[in-house]
Number of protein chains: 2
Amino acid sequence: MTKDIEHRLKNKDINLTAMRLLVLDFLTKQVAAISLNDLEKGMGPSDRITLYRTLKTFEEKGLVHSIEDGTGATKYALCEDNCDGDHHHDLHVHFYCNTCKETFCLPNTKIPEISLPKRFQSEEMNLIIKGICDQCHPD
Amino acid sequence: MTKDIEHRLKNKDINLTAMRLLVLDFLTKQVAAISLNDLEKGMGPSDRITLYRTLKTFEEKGLVHSIEDGTGATKYALCEDNCDGDHHHDLHVHFYCNTCKETFCLPNTKIPEISLPKRFQSEEMNLIIKGICDQCHPD
DNA sequence: ATGACGATGCAATGCTATTGCAATGTTAGT
DNA sequence: ACTAACATTGCAATAGCATTGCATCGTCAT
Ligand SMILES: [Mn+2]
Ligand SMILES: [Mn+2]
Ligand SMILES: [Zn+2]
Ligand SMILES: [Zn+2]
């Protein structure tokens with residue numbers, strides 16, 4: 001229902017536009033994180049830069065988070081509800097499948113506490129695990 | 001001593017060249033991981049592409065490992081002795097300092113075991129922690 | 001000496017991210 | 001409804017880093 005999409009934008013203090021509704025709708029349908037290229041191909045004909053800025057806006061407002069999975073292209077995925085622009089609470093592990101080349105959020109797999117050397121102070125953590133995803137698992 | 005540098009190359013099955021000796025010597029003097037740009041600036045006048053391929057060769061042979069710290073530029077740092085091209089054993093944490101913008105290997109801070117969801121199989125892990133390094137720590 | 005092979009230098013290209021700016025759309029006050 | 005202020009969009013241009021092609025050069029074994 002498009003009303004639901006609208007509410008999600010409003011709740012994050014994002015102005016409604018046709019493009020943003022379409023992008024958010026597209027994002028909710030994804031099972032894996034997507035790159036700007038994926039978004040461009042998945043959407044109808046639309047301007048790449050506008051899509052880029054839409055993702056940036058979504059990220060600033062805490063609607064999506066970005067993932068650097070080492071492929072060179074930044075991936076984006078929807079945030080959990082309690083994220084805002086300043087504090088993303090997506091401290092979960094991200095998984096890159098070497099077989100299907102997809103990047104997944106593992107929202108239930110949290111990054112454990114790490115005890116750093118003296119006087120190192122952690123502000124942010126990013127854990128990427130590469131391997132074989134459940135879909136590509138053999139047997 | 002340059003003999004030591006030579007041995008390290010030979011041990012990793014890397015042919016000796018003047019350029020490689022210089023690059024490895026430069027790498028051993030670094031306290032933080034360096035980018036291709038850092039290397040280019042730190043070395044005498046030398047061709048950027050040759051430096052690029054030198055780093056690639058070192059990585060393939062298990063002499064250095066590369067680090068994606070999210071800055072956009074790949075960083076490189078010397079491996080521990082037991083690495084080879086196929087299996088890098090640098091499963092340590094990397095730390096990016098938001099203040100001095102340097103990336104450090106934390107060889108004594110290992111990435112803990114993570115229990116993944118059913119049928120996800122880990123082959124490689126990459127943990128970047130961002131924050132304030134010991135040198136930039138206040139008080 | 002010469003031929004094979006690896007390393008180097010330079011040019012060119014690909015790809016992603018990012019910005020400038022003008023045009024367009026939206027909103028709010030009058 | 002009119003208009004000024006503001007946000008969004010579309011297109012062009014630029015910046016950076018990564019990567020490849022190719023000709024040249026150096027080294028080593030025969
Ligand atoms: Mn995620
Ligand atoms: Mn390291
Ligand atoms: Zn897979
Ligand atoms: Zn620092």
Side-chain angles (χ1 to χ4, degrees), chain A residues 5-6 9-10 12-26 33-61 63-77 85 96 101 103 126 128, chain B residues 5-6 8-10 12-27 33-61 63-77 85 96 101 103 126 128:
Chain A
I5 302 281
E6 291 183 11
L9 288 174
K10 284 179 182 167
K12 297 289 183 175
D13 194 33
I14 300 170
N15 292 338
L16 298 186
T17 72
M19 180 96 300
R20 288 171 179 174
L21 289 169
L22 288 173
V23 171
L24 179 52
D25 182 62
F26 184 79
I34 62 168
S35 67
L36 176 58
N37 270 332
D38 298 331
L39 180 60
E40 193 182 11
K41 285 168 190 155
M43 301 276 299
S46 41
D47 182 65
R48 177 184 185 80
I49 309 301
T50 301
L51 295 175
Y52 168 77
R53 283 195 265 232
T54 300
L55 288 173
K56 282 291 184 193
T57 300
F58 284 6
E59 187 179 18
E60 282 166 16
K61 299 293 190 176
L63 184 59
V64 306
H65 59 285
S66 60
I67 307 158
E68 303 287 341
D69 60 9
T71 61
T74 306
K75 304 289 174 60
Y76 298 86
Y96 176 78
K101 317 296 188 201
T103 299
N126 192 6
I128 299 279
Chain B
I5 303 281
E6 290 183 12
R8 295 184 66 180
L9 289 174
K10 283 179 182 167
K12 296 291 184 174
D13 194 33
I14 300 170
N15 293 338
L16 298 186
T17 72
M19 180 96 299
R20 288 171 180 175
L21 288 170
L22 288 172
V23 171
L24 178 50
D25 182 61
F26 184 79
L27 282 169
I34 61 168
S35 67
L36 177 58
N37 270 330
D38 298 332
L39 181 60
E40 194 181 11
K41 286 170 190 153
M43 301 276 299
S46 41
D47 183 64
R48 180 184 183 80
I49 309 300
T50 301
L51 294 175
Y52 168 77
R53 283 195 265 232
T54 300
L55 289 173
K56 282 291 183 195
T57 300
F58 283 6
E59 187 179 17
E60 282 166 14
K61 298 294 190 174
L63 183 58
V64 306
H65 59 283
S66 61
I67 307 157
E68 304 287 341
D69 59 10
T71 61
T74 306
K75 305 289 174 63
Y76 298 87
Y96 176 78
K101 317 296 188 201
T103 299
N126 192 4
I128 299 278

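Each chain gets a letter, A, B and so on, in the order its sequence line appears, and its residues count up from 1.
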Between [X] ([atom1]) and [N] ([atom2]), how many Å, whole number?
X: A:Tyr52; N: C:dG20; atom1: OH; atom2: P; value: 12 Å
X: A:Ile14; N: D:dA7; atom1: CD1; atom2: P; value: 15 Å
X: A:Leu55; N: C:dT18; atom1: CG; atom2: C1'; value: 14 Å
X: B:Glu68; N: D:dC17; atom1: CD; atom2: P; value: 13 Å
X: A:Glu60; N: C:dT18; atom1: CD; atom2: P; value: 11 Å
X: A:Lys75; N: C:dT16; atom1: NZ; atom2: P; value: 10 Å
X: A:Lys61; N: D:dA7; atom1: NZ; atom2: C1'; value: 11 Å
X: B:Asp69; N: D:dC17; atom1: CG; atom2: C1'; value: 13 Å

### Query
If you pin B:Leu36 and A:Asp47 to their nearest nucleotides in DNA chain D, which one's is more 5'?
A:Asp47
Quick check: closest heavy atoms across [X] and [Y], and the distance to 0.1 Å?
X: A:Met43; Y: A:Leu22; result: CE-CB, 3.5 Å
X: B:Thr103; Y: B:Lys75; result: OG1-NZ, 3.4 Å
X: B:Arg20; Y: B:Phe58; result: O-CZ, 3.7 Å

Residue-phosphate contact under 4.0 Å: [X] side-chain N/O, [N] OP1/OP2:
X: A:Thr50; N: D:dT8; result: no
X: A:Thr74; N: C:dA17; result: yes
X: A:Lys56; N: C:dT18; result: yes

### Summary
Partner of B:Val23 under side chain to side chain contact (heavy atoms under 4.5 Å, CB included), picked from B:Leu51, B:Thr50, B:Thr17, is B:Leu51
Nearest-0.5 Å distance, [atom1] of residue [X] to [atom2] of residue [Y]:
X: A:Asp38; Y: A:Phe26; atom1: CG; atom2: CZ; result: 7.0 Å
X: A:Thr54; Y: A:Asp47; atom1: OG1; atom2: CG; result: 9.5 Å
X: B:Leu36; Y: B:Tyr76; atom1: CG; atom2: OH; result: 7.0 Å
X: B:Ile14; Y: B:Leu63; atom1: CD1; atom2: CG; result: 4.5 Å

### Summary
Reading nucleotides 21-30 of chain D from 5' to 3' and marking B where a protein heavy atom lies under 4.0 Å of the base, S where only the sugar-phosphate is that close, and - otherwise, the string is B---------
### Message
Quick check for you: among C:dT18, C:dT16, D:dT9, whose closest atom lies nearest to any side-chain atom of A:Met19?
### Response
D:dT9
### Task
Take A:Ser35 and A:Asn37 through the side chain to side chain donor-acceptor pair (under 3.5 Å) test and state the conclusion after the steps.
CA-CA 5 Å; A:Ser35 67; A:Asn37 270 332; 5.1 Å; no
Sub-3.5 Å pairs of nitrogen or oxygen atoms, protein against nucleotides 3-6 of chain C:
| from | atom 1 | to | atom 2 | distance (Å) |
| --- | --- | --- | --- | --- |
| C:dG6 | O3' | B:Asn15 | ND2 | 3.4 |

